[in-house]
Amino acid sequence: MNIYAIGRNYTEHIEELNNERPKDPVVFMMPDTALLRNNDPFYHPDYSNDIHHEIEVVIKVSKQGKNIQEQFAHKYYEEIGLGIDFTARDLQQKAKEKGLPWTIAKGFNGSAPISSFVSKTTVDLNNLNFSLEVDGEKRQNGNTSMMLFNFDFILAYLSKYFTLRPGDLIYTGTPKGVSAVKIGNRLVGYMEDKKMLDFEVK
Ligand code: MG
């Protein structure tokens, strides 16, 4: 199972990190050992002092395909969920300065909490609100209408380079409001009013 992730997909998040607006999706991958399921706690590693939460909508590939046309991309996923793309911002910053890969900063153990999945037919994919609370305070609020690249475009784009397979996950980028988590924080993620994630940082 492969885990793909898209960076810089929401304008205001690009601005808060002073990044360039991409012409094509920014793609990176994470190992499946990054996944954290069932609201298991996130154990804060000691090699970073600046681990940021990034709440993201995640799509689950349902059918094998490559070179998928955008107009048919919707046939390749049936379910969506909510995930967090924890990022060791200090390690990522060092890598960015040297033009090196982000793999460690993005793909470390437990860096990708994932919710259960719901049928895509239960939501409006192009106008879906999602949010993250830390200790009861709203930190991130997003709507999928604000994505630079929508789900179908992302899936088609990835499939040009990678054969997508059932069970593959695609983290689709975070809206503004990222910030560091601390031991003891409780993170709760919502898709519309539905609580999808609820776990502690330990
Ligand atoms: Mg992200």
Side-chain angles (χ1 to χ4, degrees), residues 1-37 42 44-45 48 50-61 77 80-96 100-115 117 125 128-134 138-151 153-155 157-158 162 168-181 185 187-191 196-197 199 201:
M1 182 242 276
N2 287 329
I3 307 169
Y4 302 94
I6 304 300
R8 304 179 192 171
N9 201 20
Y10 287 82
T11 306
E12 289 171 320
H13 171 64
I14 294 169
E15 288 166 358
E16 74 181 345
L17 293 184
N18 294 314
N19 283 324
E20 220 172 274
R21 189 187 170 101
K23 287 192 213 72
D24 299 306
V26 174
V27 176
F28 60 93
M29 290 183 74
M30 297 188 277
D32 59 10
T33 45
L35 290 177
L36 199 57
R37 300 179 191 274
F42 171 70
H44 195 302
S48 171
D50 199 23
I51 294 195
H52 282 194
H53 53 75
E54 296 189 354
I55 188 82
E56 312 199 358
V57 177
V58 179
I59 59 182
K60 187 195 270 184
V61 175
Y77 62 101
I80 66 167
L82 208 53
I84 294 180
D85 167 24
F86 274 128
T87 304
R89 198 69 74 197
D90 41 4
L91 303 185
Q92 187 196 31
Q93 190 54 35
K94 272 191 210 164
K96 278 163 78 175
L100 295 172
W102 303 350
T103 312
I104 287 171
K106 289 287 196 180
F108 57 87
N109 281 335
S111 63
I114 186 72
S115 73
F117 284 77
L125 288 174
L128 175 67
N129 290 301
F130 60 104
S131 62
L132 178 72
E133 284 176 8
V134 179
K138 198 72 86 186
R139 291 276 188 85
Q140 290 189 270
N141 246 324
N143 183 288
T144 54
S145 65
M146 302 187 303
M147 292 192 292
L148 296 182
F149 305 106
N150 68 26
F151 299 140
F153 185 93
I154 289 168
L155 193 136
Y157 182 83
L158 287 172
F162 309 109
D168 286 353
L169 301 178
I170 306 171
Y171 283 64
T172 58
T174 200
K176 71 170 175 179
V178 300
S179 64
V181 295
N185 283 159
L187 276 62
V188 180
Y190 295 90
M191 194 182 279
M196 302 288 286
L197 288 166
F199 66 94
V201 179

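Basis for what follows: all heavy atoms, side chains included, without hydrogens, waters or symmetry-related copies. Atoms within a ligand are numbered from 1 in the order they appear, just like the ligands themselves.
- The aromatic rings of Phe199 and Phe86 sit perpendicular, their planes meeting at an angle over 60°, well past the 30° parallel limit.
- Atom NZ of Lys96 sits in a crowded spot, with more than 12 heavy atoms from other residues, nucleotides or ligands closer than 6.0 Å.
- For the Mg ion (ligand 1), the neighbouring protein N/O/S atoms at less than 2.8 Å, given as residue and atom, are Glu54 OE1, Glu56 OE2, Asp85 OD2.
- Summarising the local packing, CD1 of Ile104 is surrounded by 12 or fewer heavy atoms from other residues, nucleotides or ligands at distances under 6.0 Å.
- Other residues, nucleotides and ligands contribute over 12 non-hydrogen atoms within 6.0 Å of the NZ atom of Lys138.
- Taking the six-membered ring for Trp and the full ring otherwise, the centers of Phe162 and Tyr4 sit less than 6.0 Å from each other.
- In summary, of the residues considered (Glu16, His53, His52), a side chain to side chain donor-acceptor pair (under 3.5 Å) with Ser179 occurs for His53 alone.
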